[in-house]
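Scroll down for the structure; my scribbles are underneath it.
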Amino acid sequence: MVKKRYILNFPPESGDKPLSYHLVRDYDIRINILKAEVYPGKRGSLLLELQGKKENIEKGVKYLTDQHVVCEPLEKRIHFEEKKCIDCGNCTAVCFAGALTMNRETWKLEFDKSKCVVCELCIPACPLHLFEIDFK
Amino acid sequence: MSKIKTYEEINQKLKQGKAVVLTAEEVSQLAKHASPAEIVEKVDVVTTATFGAMCSSGALINFGHPSPPIRMEKIRLNGVPCYEGLAAVDGYIGATACDPDTPAYGGAHVIQDLLEGKEVVLEAWGKGTDCYPRKHIYTSIHINTINEFTLFNPRNAYQNYNVAVNTTKRMIHTYMGTLLPNMRNATYSTSGELSPLLNDPELRTIGIGTRIFLCGAQGFVVWNGTQFNTSRPKNKFGVPVTNAATIAVMGNLKEMSPEYLQAVYYEKYGVSMFVGIGIPIPVLDEDLARRVSIANSQIETSVLDYGTEGMPKLDQVTYEQLQSGYIRVKGNKIRTAPVSSLAKARKIAQELKVQLQNGQFEISKPIQLFPKNTSLKPLKETEAENG
């Protein structure tokens with residue numbers, strides 16, 4: 001069993017298909033919707049956590065891609081200019097998901113992207129504006 | 001009779017490379033099994049440091065006279081207002097200054113850009129006088145083309161600072177970062193046992209003329225900082241439990257490093273500047289040995305509600321608790337986050353330690369100590385005449 005988060009971007013025409021239902025039924029994937037923005041007739045974006053057998057998740061992702069849904073691992077959509085980080089800790093104050101934490105020994109910032117729920121609070125909270133998340 | 005050392009003795013040892021220098025964190029560890037008497041025997045200098053946002057900062061610049069000359073009566077640097085009420089080509093760019101149309105780029109960014117060797121656009125206007133006939137100039141300046149480029153910060157390195165929480169139902173944006181509603185987070189700012197003014201709470205060695213590490217260069221404490229307050233309540237270990245003393249500092253920006261100076265922009269607050277300060281404290285006697293040995297568990301600070309007018313105090317916590325990741329405020333367990341960089345403060349303390357050990361940094365006795373028994377006045381509004 002593996003667990004992995006993906007950002008899904010739906011084109012306007014696939015907005016009304018029960019895609020997550022097929023993921024569950026056809027590929028035995030446990031899904032957890034962490035964030036959703038749907039604009040009927042325009043587009044939709046989902047942050048989905050997929051849990052299941054590795055090969056089933058791969059098949060499920062292929063199924064989504066065949067339905068013209070852009071499906072990318074969450075980490076690829078998070079951009080963090082780590083080199084410029086001064087380890088001030090401001091982003092950790094707002095990250096209730098626990099993705100951004102201070103190492104209590106070195107007091108350097110640690111970023112576990114797999115825990116991100118795309119709340120996007122870190123984007124304005126960083127006084128150097130080092131975060132970008134491509135959700136839409 | 002307990003040992004007493006002089007600045008001269010310590011400087012002699014520093015020059016010979018024989019002095020023992022520890023960081024304030026290292027001496028706090030040492031103090032767990034060494035008495036103040038032993039520490040004054042063993043240790044000569046303790047390095048302290050901080051790297052945090054300090055709004056009351058800025059740079060004095062002399063642009064040099066153009067030909068024909070101009071009396072600069074309005075100055076913009078990359079569009080940011082620069083204070084011009086000085087002599088013809090002198091200006092002071094405050095860290096928090098900005099054009100309201102572009103609030104995310106301010107004086108701190110101008111200072112950082114110059115420090116990093118970038119060209120900055122200078123535009124200035126004058127009314128034109130007999131001796132300064134010119135009315136307008138539009139050109140670019142560079143760190144190497146300007147004359148003096150001096151960091152002058154009227155208030156830095158606060159001795160302790162509050163913890164910020166927000167009891168209201170709405171998220172608020174402050175210089176202490178983003179405060180989530182219903183006390184879902186707490187932010188704190190000083191480097192605790194490494195913080196300069198917490199290691200010499202009576203300011204016996206930090207005064208006018210103290211040589212310090214300032215953004216990578218050697219700078220000086222030039223005065224007490226603004227809002228200097230010695231009347232704050234102290235705990236049983238002799239440290240104030242809220243923001244108290246401050247220092248004004250100066251140094252040559254041309255010798256500084258962008259590694260220790262960083263412009264920042266806080267959403268819905270404004271621009272500020274992270275300033276790196278390191279202060280060496282000579283261990284002259286047992287009293288100072290005891291002071292520099294202070295540990296996070298002995299330093300307390302006040303938890304204030306930034307969401308409520310008047311910022312009422314809710315509780316008092318130690319830096320040991322703050323650095324553990326959680327504090328308890330009125331029975332609630334709250335996640336904590338720093339808003340100043342302890343990692344960078346440690347780097348400064350370490351770098352200063354190396355400079356001292358290599359005989360590159362001479363410690364200096366204050367020419368004059370700061371005033372005692374100062375307190376703060378609020379701004380009382382009166383009905384101004386002809387107002």
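Per-residue counts of heavy-atom pairs under 4.5 Å with chain A were compared for B:Ala345, B:Ser341, B:Ala337, B:Ala104; the largest is that of B:Ser341. Comparing B:Val271, B:Thr336, B:Leu180 by how many heavy-atom pairs each has under 4.5 Å with chain A, the most go to B:Leu180. Counting heavy-atom pairs closer than 4.5 Å to chain B, the top-ranked of the candidates A:Val94, A:Asn90, A:Asn103 is A:Asn90. Heavy-atom pairs under 4.5 Å with chain B were tallied for A:Pro127, A:Gly89, A:Cys91; the largest tally goes to A:Pro127. Between chain B and the options A:Met102, A:His129, A:Lys84, the largest number of non-hydrogen pairs under 4.5 Å is found for A:His129. Of the residues considered (B:Lys344, B:Arg335, B:Glu267, B:Met176), B:Arg335 shows the highest number of contacts with chain A, using heavy-atom pairs under 4.5 Å.
With B:Tyr326 as the aromatic partner, B:Lys333 meets the cation-pi criteria of under 6.0 angstrom to the ring centre and within 45 degrees of the ring axis.
No more than 12 heavy atoms of other residues, nucleotides or ligands shown are found within 6.0 angstrom of CD on A:Glu132.
Side chain of A:Lys35 to backbone of A:Val118: a donor-acceptor contact under 3.5 angstrom is found. At least one donor-acceptor pair closer than 3.5 Å links the side chain of B:Gln321 to the backbone N or O of B:Thr318. Between the side chain of B:Thr190 and the main chain of B:Tyr161, no donor-acceptor pair closer than 3.5 Å is present. Formation of a donor-acceptor pair under 3.5 Å by the B:Asn199 side chain with backbone atoms of B:Ser195 is found in this model. Between the side chain of B:Asn153 and the main chain of B:Val249, no donor-acceptor pair closer than 3.5 Å is present. A distance-only check finds no donor-acceptor pair linking the side chain of A:Asp112 to the backbone of A:Ala99 [under 3.5 Å].
In this structure, chain A has heavy atoms under 4.5 Å from both the backbone and the side chain of B:Thr178. Contact annotation for B:Gln262: only side-chain heavy atoms (C-beta onward) come within less than 4.5 Å of a heavy atom of chain A. Looking at A:Thr106, the atoms closer than 4.5 Å to chain B (heavy atoms on both sides) all sit in the backbone: N, CA, C or O. Residue A:Leu121 touches chain B through its side chain alone, counting heavy-atom pairs closer than 4.5 Å. Heavy-atom distances place the backbone of A:Cys95, and not its side chain, under 4.5 Å from chain B. For B:Ser272, no part lies near chain A; criterion is any non-hydrogen pair under 4.5 Å. Only the side chain of B:Tyr188 comes within contact range of chain A, with at least one heavy atom under 4.5 Å from a heavy atom of that chain. Neither the backbone nor the side chain of B:Tyr269 comes within contact range of chain A; no heavy atom of the residue lies under 4.5 Å from a heavy atom of that chain.
Ring geometry for A:Tyr27 against A:Tyr63 counts as tilted: the plane angle lies between 30° and 60°, on a 0 to 90° scale.
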